[in-house]
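Following this message is one structure expressed as structure tokens.
FYI, side chains are in, hydrogens and waters are out, and symmetry mates aren't considered; it's all heavy atoms of this structure. Every chain is numbered from 1, with letters handed out A, B, ... down the list of sequences.
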Amino acid sequence: MADRKYWLFKSEPNAYSYADLQKDGVAEWDGVRNYQARNLLRDDIKEGDGILFYHSNAAPMAVVGTAIVVRSGYPDSTAWDPKSAHPDSKSSPDEPRWYMVDIKADQEFKEPVTLEAIKVLPGLEKMMVGQRGARLSVQPVSSEEWNIVTKLGLG
DNA sequence: GCCAACGTTGGC
DNA sequence: GCCAACGTTGGC
């Protein structure tokens with residue numbers, strides 16, 4: 001796919017790990033409540049795109065595998081579900097404020113690519129996840145970065 | 001557990 | 001519309 005794009009999704013393994021994703025098969029990536037990330041989910045993240053699945057607040061913090069987008073952005077219905085983990089009364093089915101995508105696990109890394117490694121590896125210095133204070137939970141990744149990280153992880 | 005970064009909220 | 005207070009993220 002010529003216009004395939006690449007992303008990095010952060011998740012705290014305490015809350016939702018790569019193993020959980022493998023177990024679940026397809027997962028709805030809901031609960032994102034940040035406008036910058038929302039715009040990416042709504043406008044830019046398309047079926048077939050590649051995802052680096054990153055464990056934050058973990059030991060070690062690392063990209064642990066890849067996932068594939070199986071459904072492009074659509075309204076996050078958990079926003080108007082008062083029983084959900086992230087309700088937002090300002091979002092409604094008529095005027096959805098938040099978006100999500102569906103993803104499924106692809107290739108688990110043999111060797112997790114740690115944050116420590118990302119910070120020092122040639123070609124990865126610019127990766128957003130390695131920048132100080134980069135809190136965005138959905139980040140763009142260049143095809144060069146994708147190639148380097150997946151090659152390292154898959155061995 | 002601490003705290004820097006930074007997005008959001010609310011008083012004015 | 002400014003900006004201080006507050007809350008959250010997430011590395012350390």
Q. Do other residues, nucleotides or ligands put more than 12 heavy atoms under 6.0 Å from the NZ atom of A/K46?
A. yes

Q | Nearest-Å distance for atom pair CG/C1', residues A/D88 and B/dG7 | A | 14 Å

Q. Between C/dG10 atom C1' and A/Q139 atom CD, what is the distance in whole Å?
A. 12 Å

Q | Whole-Å gap separating C1' (B/dT8) and NE2 (A/H86) | A | 16 Å

Q: Assess the pair A/F53 and A/W7: is the distance between their ring centroids shorter than 6.0 Å?
A: no

Q | Proximity to DNA chain C (any heavy atom under 4.0 Å), residues of residues 112-127 of chain A only | A | A/L115, A/K119

Q. Who are the side chain to side chain contact (heavy atoms under 4.5 Å, CB included) partners of A/D43, not counting sequence neighbours?
A. A/N39

Q: May I ask you to check whether A/S17 and A/D20 show a side-chain donor-acceptor distance below 3.5 Å?
A: yes

Q) Could you state the NE2-P distance from A/H55 to C/dG10, rounded to the nearest angstrom? A) 13 Å

Where do N or O atoms of nucleotides 1-4 of chain B meet protein N or O atoms at under 3.5 Å, pair by pair?
| from | atom 1 | to | atom 2 | distance (Å) |
| --- | --- | --- | --- | --- |
| B/dA4 | O3' | A/R132 | NH2 | 3.3 |

Q) Would you find more than 12 non-hydrogen atoms of other residues, nucleotides or ligands less than 6.0 Å from A/Q131 atom CD? A) yes

**Q.** A/Q36 CD - B/dT8 P separation (whole Å)
**A.** 9 Å

Q) Sequence neighbours excluded, which residues qualify as side chain to side chain contact (heavy atoms under 4.5 Å, CB included) partners of A/E116? A) A/T114

Q) Does A/K10 place a side-chain N or O at less than 4.0 Å from the phosphate oxygens OP1/OP2 of C/dG10? A) yes

Q | Side-chain donor or acceptor of A/T66 paired with backbone N/O of A/D106 under 3.5 Å | A | no

Q.
I need the CE-P distance between A/M128 and C/dG10, as an integer number of Å.
A. 13 Å

Q: Taking side chain to side chain contact (heavy atoms under 4.5 Å, CB included) as the test, write out the residues that go with A/P87, two or more places apart.
A: A/S84

Q: Taking only the side-chain heavy atoms of A/Y35 (C-beta and beyond), determine which of C/dG10, B/dT9, B/dT8 contains the nearest atom.
A: B/dT8

Q. Residues two or more places apart in sequence or in another chain: which of them pass side chain to side chain contact (heavy atoms under 4.5 Å, CB included) with A/L124?
A. A/I118, A/L121, A/M127, A/E145, A/I148, A/V149

(Q) If the cut-off is 4.0 Å, is A/Y54 near the phosphate of C/dG11, judged by side-chain N/O to OP1 or OP2? (A) yes

